[in-house]
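The figures that follow rest on heavy atoms only: side chains count, while hydrogens, waters and symmetry mates do not.
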Protein chains: 2
Amino acid sequence: MARRSSRITMADVAHAAGVSVASVSNYLNNRPYMTDDMRERIASAIERLGYQVNSSARNLRSGRTHLIKLSIPDLKQVYFSELAEDVLAEARLRGYGVIVESTTNNRERELDSVNSMGSHTTDGLILSPLMMRQADVHLLDNDIPLVVLGERLFDVSAPHVVIANARGAAMMTQHLLDAGCRRIAVVGGVRGTRSEQSSGVIRTQGYRDALAQAGVAYDPQLIVETDGWGSRDGADAVRRMLADQLEFDAVFALNDCLAWGVLRQLRACGVDVPAKVRVVGFDNVEESEFMIPSLTTVDPSKREIARLAVESVIQQIESGTRAGASMIEAPIELVYRESSPC
Amino acid sequence: MARRSSRITMADVAHAAGVSVASVSNYLNNRPYMTDDMRERIASAIERLGYQVNSSARNLRSGRTHLIKLSIPDLKQVYFSELAEDVLAEARLRGYGVIVESTTNNRERELDSVNSMGSHTTDGLILSPLMMRQADVHLLDNDIPLVVLGERLFDVSAPHVVIANARGAAMMTQHLLDAGCRRIAVVGGVRGTRSEQSSGVIRTQGYRDALAQAGVAYDPQLIVETDGWGSRDGADAVRRMLADQLEFDAVFALNDCLAWGVLRQLRACGVDVPAKVRVVGFDNVEESEFMIPSLTTVDPSKREIARLAVESVIQQIESGTRAGASMIEAPIELVYRESSPC
DNA sequence: GTGAAAGCGCTAACAC
DNA sequence: GTGTTAGCGCTTTCAC
């Protein structure tokens, strides 16, 4: 029956063990040079008293909290919840806890999670920005350990862990071209050019690059813009494409959720996948494997992204400063499944 | 251009503003009785120096971190990521941060998150236990603010926020009976009786209760057990049911993911939903609305669960102790969609 | 090897 | 209303 939290302090332990607080501290921090006898007495006292370190005190003294903040747009988006899970696991492995902050696609919140970094609650930040503007980046202009995730490369002096969006999209497009497709619709794509460097823009560019490379003409009609990137948007897109009698022999949905909707709607309309139309996605979210047909997609290896991000932010924390700008590209891979076999 | 973290302390601010640290503290904590003049001088000094409170120091002194730990089995399961998102939002609203801990269906980890509670990193715990055994509950026998989530009602002296699993399952079964179904298969159900009080067991019981109530015979054959609760398990189940030539006019999948798999596999096998077979789920996960056909399901109002849990744990934190055992049942509701219209 | 003691930056009790 | 000050519990020199 544990007492109220830990009223028990290091001093109590020291007293009970007949040693000094310094020795208890040494013991707790695995410092060498200590007689086995003392080690044992301290251990037993700790056990007996049910002592637990007070991390607030430790944090104050050491200036570290062993907490990382993970700021992402929305946990309800599978991509991010899977990424978060991987970040949690990786951080845990390295002895860090994670405060998750969901910015719910809200610029204010993104700025908040940046602004609050000075308050020492967390040692570093892994930020997946979505709404920040160029004008906001000066807020990141400090020495706090930071890793930026995703493709939005602001002029921020910090390591970026990026997905090879353009390359992934190009590879996937190439795969479809190799399979003989010539009318590849891009659901969730962005027509024309925008200054904004969203994943949509970049993936669309990758698609166009691959077409160009293969000498296949680019038809803007095939770019089907959507409101969001959920499965409903994918289904809506297909509905429109069919209504407009758009000709296409493949659909490249720019993320897996869109692809789910595409798959469902095509099936509902009696279009055979992959015989009549091939369908591919991007993100390799777990559920995609279980679609019928299972979804061919680009795997951005979230595990590796998480590992790289956590590793970098911890390295910065332990070295004491923000690392300079850099771009770490996570490996990318095509996963061939039934919706577009190899 | 911010300096390295905040070397700037309250003393610096006090000095710059020509006041005492106490006044700065008062200002920061919105304490009353303070001339507007002083208020302004402090504000401007803070602004000028770019001061930010050091939360470690504040935490040590106040004994509070304004951090809650949320311990759940797995963020990759949609139900939990949606719940987590709601918990995050609710906590944020009330000025608390959330450390998310994913126990990955691992008993050790569950115990860890409980054990580490004494170390003052977080003020309270919202725990969704899955693997804990009766033998472990003594670990929860302390005064630390705690809310237990889900149906596993151990003999723990703390508030429980529970889903009305039995009632929800019974209501849904009743709906199917009302629609004329008499052979309702339960995918993910648990045959026979087990001491264990998992959601599966309880939801199955709710189903049986409804049958009994309606005077419909219970056929154990209709209980289709599955390995897990993912969509693949749902699809597998249907495959087996069809192979075994099981007769059924409805499928009650005990969660939405199972239901997705059921929907897909039935469709793949040319079984019309809902004309031939009705399909319903449990959890009302966002994606379910976009299935084709859209999924009728039980809505456990995660938002409300999150609200109740956060509210209770914060109330405990602010009142200074663990609240006694209690059971707060979150409201439940059937959501009628195409897979089984009303 | 071990211990004494000086803070880390803040809050709150109390004095003015 | 405002200032002084004593710790919160720990880590870390620096003596011994």
Students often get this wrong, so: under 4.0 angstrom with heavy atoms, is [X] touching a base, only sugar-phosphate, or nothing?
X     : value
A:M10 : base
B:V19 : sugar-phosphate
A:R31 : sugar-phosphate

[N] phosphate, OP1 or OP2: any side-chain N/O from [X] under 4.0 angstrom?
X     : N      : result
A:N26 : D:dT11 : no
B:S25 : C:dA12 : no
A:Y51 : D:dC10 : yes
B:S23 : D:dG3  : yes
B:S20 : D:dT2  : no

Using every non-hydrogen atom in the two residues, find where B:S20 and B:A14 come nearest and quote the distance to one decimal.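 Closest approach of B:S20 to B:A14: C-CB, 3.6 Å.
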Going by the side chain to side chain donor-acceptor pair (under 3.5 Å) test, name the single residue among B:S116, B:S128, B:S113 that passes it with B:S71. B:S113
Figure out the CG/C1' separation between B:N29 and C:dT11, and round it to whole Å.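 After rounding, the gap between these two atoms is 8 Å.
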Would you mind reading off the distance between A:R7 atom CZ and D:dG7 atom C1', rounded to a whole angstrom?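 The distance from CZ of A:R7 to C1' of D:dG7 comes to 13 Å, rounded to the nearest Å.
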Taking the nucleotide of DNA chain D with the closest heavy atom to each, which residue, B:R61 or B:G18, is nearer the 5' end?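 Nearer the 5' end of the strand: B:G18.
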